[in-house]
Amino acid sequence: MQYSGGREKVASGAVIPVIWYLLNLLAIPVIGFAVLVWLYLHGEDDHILRRAHARAALIMSVVGAVLISSGVGVAWLALGNTGHFWTFSLVWAIVLHTGFVLWGMVALAQAMADKKPLFPKRWL
């Protein structure tokens, strides 16, 4: 049903990669990442907005994994297997994970509004 005065809008499908990004973080990590890689590799014919969100989601997934694991690794090298290491690692992982989830929520809002993700232009 078409509303008065409005034109039908073609859906960009930008929400799909962002949902898979959030699923990767919150529910099904390995499967979500595999689907993100698949969306990125097979998205050359997709809408430009969907490609931008797929690329941003894939990059953020990789950056998140590297930051969390490298921070825990450096803490283990610096502190050893002590209580301080476990406390730091837990706080580090929780804070970074929460930040990446919040970025995903903002990216979801941007995708629903048919806007590009908040991401450096040269990486899109």
Side-chain angles (χ1 to χ4, degrees):
M1 173 180 190
Q2 188 173 3
Y3 295 104
S4 62
R7 288 186 260 161
E8 285 192 36
K9 192 166 129 181
V10 178
S12 64
V15 174
I16 305 293
V18 180
I19 288 175
W20 278 105
Y21 170 79
L22 289 169
L23 283 172
N24 178 31
L25 285 173
L26 299 171
I28 44 178
V30 176
I31 296 169
F33 184 74
V35 171
L36 273 177
V37 170
W38 186 84
L39 285 172
Y40 175 71
L41 292 176
H42 292 89
E44 60 268 356
D45 295 331
D46 289 344
H47 192 274
I48 190 166
L49 194 60
R50 182 174 173 157
R51 280 193 317 241
H53 277 279
R55 183 171 174 89
L58 182 65
I59 290 173
M60 288 299 280
S61 294
V62 171
V63 167
V66 168
L67 281 178
I68 291 173
S69 60
S70 65
V72 170
V74 167
W76 182 74
L77 288 174
L79 301 171
N81 193 12
T82 62
H84 296 297
F85 159 71
W86 290 106
T87 303
F88 177 83
S89 296
L90 256 146
V91 171
W92 177 263
I94 289 170
V95 168
L96 282 179
H97 187 268
T98 303
F100 283 100
V101 170
L102 289 175
W103 181 87
M105 298 302 288
V106 170
L108 182 62
Q110 295 287 83
M112 291 171 72
D114 283 334
K115 295 181 180 176
K116 287 191 175 186
L118 295 173
F119 208 70
K121 246 185 192 178
R122 60 187 166 141
W123 291 356
L124 292 177

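- With rounding to the nearest 0.5 angstrom, the CH2 atom of Trp76 is 11.5 Å from the OG1 atom of Thr82.
- When all heavy atoms of Pro117 and Ala56 are compared, the closest pair comes out as CG-CB, 3.8 Å.
- In terms of modelled atom types and a separation under 3.5 Å, the side chain of Arg51 and the main chain of Glu44 share a donor-acceptor contact.
- The closest side-chain heavy-atom distance from Leu58 to Tyr21 is not below 4.5 Å.
- Rounding to the nearest 0.5 Å places NE2 of His53 at 10.5 Å from NE2 of His47.
- Leu39 has its side chain within reach of Arg50: a pair of non-hydrogen atoms, C-beta onward, lies under 4.5 Å apart.
- Under the 4.5 Å side-chain contact rule for hydrophobic residues, Trp86 and Val74 do not share a cluster.
- Val66 and Val95 are assigned to two separate hydrophobic clusters, defined by single-linkage of ILVMFWY side chains at heavy-atom distances under 4.5 Å.
- The only option from Leu96, Leu102, Val101 that meets the side-chain contact (heavy atoms from CB on, under 4.5 Å) definition with Thr98 turns out to be Leu102.
- In terms of hydrophobic clustering, with Ile, Leu, Val, Met, Phe, Trp and Tyr side chains grouped at heavy-atom distances under 4.5 Å, Leu118 and Ile59 are assigned to different clusters.
- In terms of modelled atom types and a separation under 3.5 Å, the side chain of His97 and the main chain of Ala93 share no donor-acceptor contact.
- Each of Ile16 and Val106 belongs to its own hydrophobic cluster when Ile, Leu, Val, Met, Phe, Trp and Tyr are linked at side-chain heavy-atom distances under 4.5 angstrom.
- Of all heavy-atom pairs between Ala75 and Phe88, the closest is CB-CD2, 3.3 Å.
- Val18 and Ala107 make their closest contact through CG1-C, 3.9 Å (heavy atoms, listed as atom of the first residue, atom of the second, distance).
- Contact detail for Leu22 and Met105: the closest heavy-atom pair is CD1-SD, 3.9 Å.
- Distance check: Asp114 CG to Met112 CE gives 10.0 Å after rounding to the nearest 0.5 Å.
- Both Ile28 and Met60 belong to a single network of hydrophobic side chains, linked directly or stepwise wherever heavy atoms of I, L, V, M, F, W or Y lie under 4.5 Å apart.
- Listed here is the closest heavy atom pair of Ser89 and Val72: OG-CG1, 3.8 Å.
- Note that CZ of Phe100 is 8.5 Å distant from CG of Leu25, once rounded to the nearest 0.5 Å.
- Between the CG atom in Asp46 and the OG atom in Ser12 there is a gap of 10.0 Å [rounded to 0.5 Å].
- Nearest heavy atoms, Ala57 versus Trp103: N-CH2, 4.3 Å.
- Here the straight-line distance linking atom CG of Leu36 with atom CG of Leu41 works out to 10.5 Å at 0.5 Å rounding.
- Remark: side-chain polar atoms of Trp20 are not paired, donor with acceptor, to backbone N or O of Ala54 under 3.5 angstrom.
- Pairs engaging residues 25-37 under the side chain to side chain donor-acceptor pair (under 3.5 Å) rule: none recorded [sequence neighbours left out].
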